[in-house]
Amino acid sequence: MLPHWRCLDIGTGIGTVATWLSRRCPDGRVVATDRDCALLPPAAERDWEALEHDVTTDDFPNRSFDLIHIRWVLSHLRDREAVLARIVRWLAPGGWILIQDLDRFPIASSPDPVYRKVSEAMCDAVEARIGTDTSWARTFPAPLRRAGLVDVDTEAHVAPTGATAMGRFWLGSTDQLRGDLLDQFAVTEPELKHVREQMVNPSYRDFALASVAAWGRRPSPRHA
Ligand SMILES: C[S@@+](CC[C@H](N)C(=O)[O-])C[C@H]1O[C@@H](n2cnc3c(N)ncnc32)[C@H](O)[C@@H]1O
């Protein structure tokens, strides 16, 4: 990264990554967008620009950013690859994009059959409710190649569940999805209880979602 880069963080949430970017690009510009800016810190407490902007419908001028980051957003959008193609147009020639999304692939190999069943059902329930594709990120970096980018690559990080931060997220998700799991996805009360107990059990460890990252750059004349 260079200090003068123009950076865009899409679907910034509370703006953690925008703050990180602005420290690394003090002579550049950092714009952070979200379709709902309610969680952003007030203007006096940030050194980056915030913009209410829906990535599926709102635009930016072509070639206006040197770096674009979008984490945990695209897999939730039904038209994700068309949205990605639009975002790529906002990159300057030679500019980089980093995308990150969550994928269910670690669940299939769980040694705990009840945890495996309930966790698979949780992913199915999110897909049915929101339209999320919980297996899209496992295809990285192919979507970036399809979008015309070069120098693409990928890596994944898998945080454990149990009495951990990811376990707390998984436990909260069982609360949010409880009705769907019991009524539509053939999960029983004892199975749900088993998973909920393991998510506060300090000696239990398993995996749920992997965070998969992929990056690539827009071709510049040196790639021609
Ligand atoms: C799971 S949060 C991720 C937040 C942040 N990217 C991070 O890594 O911490 C997803 C964010 O994307 C935003 N979002 C969802 N759909 C969006 C859209 N169509 N355009 C812009 N932001 C969107 C949500 O409002 C939410 O803040």
Side-chain angles (χ1 to χ4, degrees), residues 1 5-25 30-43 45-61 64-65 67-91 96-104 106 119 122-123 125-138 140 143-144 147 154-159 161 164-177 208-215:
M1 290 183 67
W5 274 10
R6 299 157 297 168
C7 306
L8 173 64
D9 184 36
I10 299 171
T12 197
I14 59 171
T16 322
V17 172
T19 300
W20 188 92
L21 287 169
S22 68
R23 297 204 174 121
R24 275 147 194 88
C25 300
V30 176
V31 179
T33 67
D34 207 290
R35 76 174 169 195
D36 175 5
C37 289
L39 296 176
L40 291 184
E45 291 172 23
R46 54 179 158 77
D47 47 8
W48 39 269
E49 299 165 44
L51 188 64
E52 197 159 288
H53 180 282
D54 185 327
V55 72
T56 63
T57 51
D58 297 327
D59 219 345
F60 281 105
S64 49
F65 293 101
L67 173 68
I68 298 179
H69 173 258
I70 177 165
R71 181 171 70 173
W72 306 333
V73 179
L74 282 170
S75 65
H76 298 301
L77 306 178
R78 289 181 195 270
D79 218 3
R80 57 195 70 81
E81 295 223 13
V83 173
L84 178 61
R86 288 181 62 242
I87 294 173
V88 164
R89 293 205 289 271
W90 305 336
L91 273 179
W96 288 94
I97 185 168
L98 172 64
I99 66 176
Q100 302 191 59
D101 269 293
L102 298 172
D103 194 287
R104 70 195 294 171
S119 297
M122 289 166 69
C123 293
V126 168
E127 296 207 354
R129 200 194 266 199
I130 303 176
T132 306
D133 184 343
T134 59
S135 303
W136 184 63
R138 182 68 181 80
F140 290 177
L144 293 183
T154 185
E155 68 178 38
H157 172 72
V158 191
T161 53
T164 63
M166 182 55 108
R168 282 193 293 283
F169 169 70
W170 216 230
L171 184 64
S173 301
T174 62
D175 282 332
Q176 289 174 359
L177 297 168
L209 302 174
S211 187
V212 188
W215 55 92

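Every number for a ligand or one of its atoms is a count from 1 in the order of the listing. Along the sequence shown, the residues carry numbers beginning at 1. Bear in mind that the values here come from a model prediction, so they are computed numbers and not experimental data.
Of all atoms in ligand 1, numbered sequentially from 1 with element shown, those under 4.0 Å from a heavy atom of Val73 are 12 (O). Close approach to Gly13 involves these atoms of ligand 1, each under 4.0 Å from a residue heavy atom: 4 (C), 27 (O).
Ring orientation note: the planes of Trp90 and His53 are nearly perpendicular, at an angle over 60° on the 30°/60° scale.
The shortest N or O to N or O distance between Arg71 and ligand 1 is below 3.5 Å. Between Val55 and ligand 1, an N or O atom pair is found at a separation short of 3.5 Å. Of the N or O atoms in Thr56, none lie within a sub-3.5 Å distance of an N or O in ligand 1.
Here the side chains of Val73 and Val83 are not in contact, with every heavy-atom distance at 4.5 Å or above.
Counting all heavy atoms, side chain and backbone alike, Pro106 lies closest to Leu209 at CG-C, 4.3 Å. Taking all atoms of both residues into account, the shortest heavy-atom contact from Asp103 to Ala137 is OD2-N, 3.4 Å.
Nearest protein heavy-atom neighbour of atom 23 (C) of ligand 1: Arg35 CG, 3.9 Å. Annotation: atom 1 (C) of ligand 1 to nearest protein heavy atom, Trp72 O, 3.6 Å.
Evaluated by nearest non-hydrogen atom to atom 19 (N) of ligand 1, the leading choice among Asp79, Asp34, Asp54 is Asp54. Residue Gly11 holds the heavy atom nearest to atom 4 (C) of ligand 1 of all those in Gly11, Ala18, Ser75, Cys37.
Evaluated for a side-chain hydrogen bond (donor to acceptor under 3.5 Å, both in side chains) with Ser75, the options Thr134, Asp133, Asp101 yield exactly one hit, Asp101.
Other residues, nucleotides and ligands place no more than 12 heavy atoms under 6.0 Å from the CZ atom of Arg138. A 6.0 Å sphere centred on CD1 of Ile14 holds no more than 12 heavy atoms belonging to other residues, nucleotides or ligands.
In this structure, Arg86 pairs ionically with Asp59, as a charged nitrogen and a carboxylate oxygen lie closer than 4.0 Å.
Within the structure, ligand 1 has Thr12 among the residues with a heavy atom less than 4.0 angstrom away. The shortest heavy-atom distance from His53 to ligand 1 is under 4.0 Å.
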